[in-house]
Novice: 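The following block contains the structure, expressed as structure tokens.
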Amino acid sequence: MNTPLRFNEALLIADRAFRPFQCVAWAPQDGTGVVSISVIDRTNTRLLGRQLSSATYSDPQQLEAALQRSRDELRSQGFDLAPWSMPE
């Protein structure tokens, strides 16, 4: 996947990357293009929070690297994630 991602596509990819947990995203209406994501468990406990710039979430390689780093961080904290790979 080499074409730039749209906002909604990036959010769907992020949601799948953190299963079985849920990924919640929101973008402040300040025009900066930043999106905040939080990974939460079934009890709505926040496990991880990140901010992604539009340059990161629109570029498939940068998004994959950012999501993989976050997955690795969750794993290092003892959380078990479903297998995932960046869609092609």
Novice: Using a strict cut-off of less than 4.0 Å between a Lys/Arg side-chain nitrogen and an Asp/Glu carboxylate oxygen, indicate whether R69 and D72 qualify as a salt bridge.
Specialist: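 D72 and R69: not salt-bridged.
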
Novice: Are the side chains of I13 and P87 in contact, using a 4.5 Å heavy-atom criterion?
Specialist: yes

Novice: Shortest non-hydrogen contact from L52 to Y57?
Specialist: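 Between these two residues, the closest heavy atoms are O-CD2, 3.8 Å.
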
Novice: Report the distance from atom CD of E73 to atom CG of L47, rounding to the nearest 0.5 Å.
Specialist: 10.5 Å

Novice: Nearest 0.5 Å, what's the OG-CZ distance between S85 and R16?
Specialist: 11.0 Å

Novice: Holding to side-chain contact (heavy atoms from CB on, under 4.5 Å), I want the full list of residues that pass it with R6, two or more places apart in sequence or in another chain.
Specialist: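 For R6, the residues satisfying side-chain contact (heavy atoms from CB on, under 4.5 Å) (neighbours in sequence not counted) are E9.
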
Novice: Measure the CZ-CZ distance between R71 and R75 for me, rounded to the nearest 0.5 Å.
Specialist: 4.5 Å

Novice: Between CG of L5 and CG of L12, what distance do you get to the nearest 0.5 Å?
Specialist: 10.5 Å

Novice: Please tabulate, for side-chain N and O atoms in residues 23-42, each donor-acceptor pair with protein atoms closer than 3.5 Å (sequence neighbours left out).
Specialist:
from: Q29; atom 1: NE2; to: A27; atom 2: O; distance (Å): 3.3
from: D30; atom 1: OD1; to: T32; atom 2: N; distance (Å): 3.1
from: D30; atom 1: OD1; to: T32; atom 2: OG1; distance (Å): 2.9
from: T32; atom 1: OG1; to: V34; atom 2: N; distance (Å): 3.4
from: S36; atom 1: OG; to: Q51; atom 2: NE2; distance (Å): 3.4
from: S38; atom 1: OG; to: R46; atom 2: NE; distance (Å): 3.2
from: D41; atom 1: OD1; to: T43; atom 2: N; distance (Å): 2.9
from: D41; atom 1: OD1; to: T43; atom 2: OG1; distance (Å): 2.7
from: D41; atom 1: OD1; to: N44; atom 2: N; distance (Å): 3.3
from: D41; atom 1: OD1; to: T45; atom 2: N; distance (Å): 2.9
from: D41; atom 1: OD2; to: T43; atom 2: OG1; distance (Å): 3.4

Novice: Between atom OG1 of T56 and atom CG of L67, what is the distance when rounded to the nearest 0.5 Å?
Specialist: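 One finds 10.0 Å between OG1 of T56 and CG of L67.
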
Novice: Restricting to non-hydrogen atoms, name the atom on S70 and the atom on R50 that form the minimum distance, rounded to 0.1 Å.
Specialist: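 Looking at all heavy atoms of both residues, the closest pair is OG-NE, 3.3 Å.
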
